[in-house]
Protein chains: 2
Amino acid sequence: MKIGELATLTGVSVRSLRYYERQGLIKPLRQDNGYREYSPLAVDTVETIKLYLNLGLSTEEIAGFLNCVLKNKEAFCAEVMPLYRSKLEEIERQLVELNQIKLNLQDRMASILQEQKNEEE
Amino acid sequence: MKIGELATLTGVSVRSLRYYERQGLIKPLRQDNGYREYSPLAVDTVETIKLYLNLGLSTEEIAGFLNCVLKNKEAFCAEVMPLYRSKLEEIERQLVELNQIKLNLQDRMASILQEQKNEEE
DNA sequence: CTTGACCCTGACACTAGTGTCAGGGTTTAT
DNA sequence: ATAAACCCTGACACTAGTGTCAGGGTCAAG
């Protein structure tokens with residue numbers, strides 16, 4: 001199939017499909033006229049890419065194990081687990097940071113409200 | 001004082017001080033030789049900028065109320081509260097999203113571990 | 001045989017703050 | 001008077017994925 005068809009089937013833009021190719025995630029054949037020719041399996045590949053992107057992995061990270069997970073169970077691919085671990089740590093760091101900001105914001109909002117209440121008297 | 005001195009006093013890089021100026025946050029005078037000349041009050045200004053940056057506000061947002069909060073109590077500046085509210089909402093959206101990713105990651109990690117345990121048998 | 005829909009590559013823009021370099025001027029202390 | 005340390009502006013890089021445009025080729029239906 002051609003790129004537009006794959007885009008429609010997967011909900012991923014043509015632009016992004018070309019980007020994934022450049023990142024080494026998917027390697028379509030080429031027709032004589034230069035058009036990309038995707039196998040029907042490419043739909044699975046793209047769905048898999050979407051799944052990992054939604055887990056916060058980058059295309060570069062995904063490139064490191066995509067071939068493996070397309071052919072095997074995830075548990076078989078040794079690259080995956082360390083990546084999940086470090087990604088989880090990263091997420092947790094971000095959660096801590098965001099929660100701190102949230103608390104600070106709430107403190108300051110409470111102070112303002114209190115201040116305004118005092119003014120009214 | 002000159003920019004290097006202000007940088008040392010505040011812990012903010014010279015580069016960033018120039019950036020804050022371009023963003024309209026601070027307006028030093030100029031000496032005859034073109035050097036920026038900061039008043040001692042600039043230290044407070046920069047500390048205030050740091051405080052708001054740490055709350056997740058952008059330089060552009062800070063520019064909208066910095067003059068006011070430098071001269072008044074924060075509660076006096078009407079621009080601040082709506083900004084805090086929308087920033088808090090944004091933070092909460094991000095927290096939800098990150099927590100979802102975290103749960104998904106943990107699920108997948110658990111699946112892999114379970115799978116590997118099954119393999120051992 | 002022409003029009004519209006599709007495809008190609010390459011490139012710039014965007015976020016937002018910071019690092020860093022080039023190329024050049026000034027000041028301060030030796 | 002020279003070297004070190006400081007200042008100036010302007011510009012590119014970086015993240016990471018996507019939008020979008022330019023300029024051009026291809027294909028299918030009328």
Side-chain angles (χ1 to χ4, degrees), chain A residues 1-38 42 45-64 66 83 86-87 90-91 93-94 97-98 101, chain B residues 1-38 42 45-64 66 83 86-87 90-91 93-94 97-98 101:
Chain A
M1 75 187 77
K2 285 185 291 184
I3 196 169
E5 194 177 348
L6 182 60
T8 302
L9 288 178
T10 59
V12 170
S13 73
V14 168
R15 176 69 175 85
S16 293
L17 291 175
R18 295 202 189 106
Y19 179 70
Y20 298 161
E21 179 175 351
R22 174 164 297 265
Q23 297 305 109
L25 294 179
I26 189 168
K27 293 165 193 63
L29 301 175
R30 293 294 178 135
Q31 297 173 349
D32 290 345
N33 56 18
Y35 287 15
R36 290 169 179 82
E37 173 64 33
Y38 293 91
T45 304
V46 173
E47 293 296 341
T48 304
I49 293 169
K50 284 170 64 176
L51 182 154
Y52 287 115
L53 286 177
N54 283 336
L55 286 175
L57 303 187
S58 69
T59 53
E60 188 181 354
E61 290 167 331
I62 297 169
L66 182 61
L83 210 41
S86 69
K87 191 59 61 177
E90 188 186 322
I91 299 281
R93 275 195 302 276
Q94 290 177 23
E97 187 180 347
L98 279 182
I101 293 176
Chain B
M1 77 186 75
K2 287 186 290 186
I3 196 168
E5 195 178 345
L6 182 59
T8 301
L9 287 176
T10 59
V12 170
S13 72
V14 169
R15 177 70 176 82
S16 293
L17 291 175
R18 295 201 188 107
Y19 179 70
Y20 298 162
E21 180 176 351
R22 174 164 297 265
Q23 297 305 109
L25 295 180
I26 189 168
K27 294 164 192 62
L29 301 175
R30 292 295 179 134
Q31 296 175 348
D32 290 345
N33 57 19
Y35 287 14
R36 290 170 178 80
E37 173 63 34
Y38 292 91
T45 304
V46 172
E47 293 297 340
T48 305
I49 292 169
K50 284 170 63 178
L51 183 153
Y52 288 115
L53 286 178
N54 283 334
L55 286 175
L57 304 187
S58 69
T59 53
E60 188 181 354
E61 289 167 332
I62 297 169
L66 182 62
L83 209 41
S86 69
K87 192 57 61 175
E90 188 185 322
I91 299 281
R93 273 194 304 274
Q94 291 177 26
E97 188 179 346
L98 280 182
I101 293 176

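Residue numbering restarts at 1 for every chain, and letters A, B, ... go by the order of the sequence lines. The basis for the numbers below is simple: all heavy atoms, side chains too, and nothing from hydrogens, waters or symmetry mates.
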S.K.: Report yes or no: does A/K2 contribute a side-chain atom to a donor-acceptor pair with the main-chain N or O of A/Y35 at less than 3.5 Å?
M.R.: no

S.K.: I'd like to check the side chain to side chain donor-acceptor pair (under 3.5 Å) partners of A/Y38; sequence neighbours left out, ordered by chain and number.
M.R.: none

S.K.: Could you list the residues that satisfy side chain to side chain donor-acceptor pair (under 3.5 Å) with B/R18, not counting sequence neighbours?
M.R.: none

S.K.: Using the C1' atoms of the five pairs at each end, what is the angle between the end axes of the helix from C/dC1-D/dG30 to C/dT30-D/dA1, to 10°?
M.R.: 30°

S.K.: Shortest non-hydrogen contact from A/V46 to A/V12?
M.R.: CG1-CG2, 3.7 Å

S.K.: Which pair of heavy atoms, one from A/L55 and one from B/I101, lies closest together, and at what distance?
M.R.: O-CG2, 3.5 Å

S.K.: Who pairs with B/E97 by salt bridge (charged side-chain N to carboxylate O under 4.0 Å, His left out), at least two apart in sequence or on another chain?
M.R.: none

S.K.: Toward the 5' end of DNA chain C, which comes first, B/L57 or B/Y35, by nearest nucleotide?
M.R.: B/L57

S.K.: Please tabulate the protein-to-nucleotide N/O contacts below 3.5 Å involving nucleotides 28-30 of chain D, giving atom names and distances.
M.R.:
none

S.K.: Could you say whether B/Y38 or A/S58 is positioned toward the 5' end of DNA chain D, judged by the nucleotide with the nearest heavy atom to each?
M.R.: B/Y38

S.K.: 5'-most contact on DNA chain C: B/Q23 or A/R36, nearest heavy atom basis?
M.R.: A/R36

S.K.: How close do A/M1 and A/E37 get, counting heavy atoms only, and between which atoms?
M.R.: N-OE2, 2.8 Å

S.K.: For A/R22, which residues count as a salt bridge (charged side-chain N to carboxylate O under 4.0 Å, His left out) partner, sequence neighbours excluded?
M.R.: none

S.K.: For B/L66 and B/T45, what are the C-alpha separation, side-chain angles and deciding distance, and is it a side-chain contact (heavy atoms from CB on, under 4.5 Å)?
M.R.: CA-CA 8 Å; B/L66 182 62; B/T45 304; 4.2 Å; yes

S.K.: What are the 5'-most and 3'-most nucleotides of DNA chain C lying under 4.0 Å from any heavy atom of chain A?
M.R.: C/dC6 to C/dA11

S.K.: Which residue pairs satisfy the side-chain hydrogen bond (donor to acceptor under 3.5 Å, both in side chains) criterion with at least one member in residues 5-14 of chain A, sequence neighbours excluded?
M.R.: A/S13-A/S16

S.K.: Considering all heavy atoms of both residues, which atom of B/L98 and which atom of A/L98 are nearest to each other, and what is their separation?
M.R.: CD1-CD1, 3.7 Å

S.K.: Would you please name every residue forming a salt bridge (charged side-chain N to carboxylate O under 4.0 Å, His left out) with A/R93, sequence neighbours left out?
M.R.: none

S.K.: Kindly give the heavy-atom pair with the smallest separation between B/A63 and B/Q23, and that separation in Å.
M.R.: CB-O, 3.9 Å

S.K.: Name all pairs fulfilling the salt bridge (Lys or Arg N to Asp or Glu O under 4.0 Å) condition that reach into residues 46-55 of chain A, sequence neighbours left out, sorted by first residue then second.
M.R.: A/E47-A/K50

S.K.: Enumerate the residues from residues 10-20 of chain B whose closest heavy atom to DNA chain D is under 4.0 Å, giving them by residue number; use none for an empty result.
M.R.: B/R15, B/R18

S.K.: Tell me the closest heavy-atom pair linking A/A7 and A/V14, and the distance in Å.
M.R.: CB-CG2, 3.9 Å

S.K.: Output the residues of residues 1-9 of chain B in contact with DNA chain D, where contact means a heavy atom of the residue under 4.0 Å from an atom of the strand; sort by number or write none.
M.R.: B/K2, B/I3, B/G4

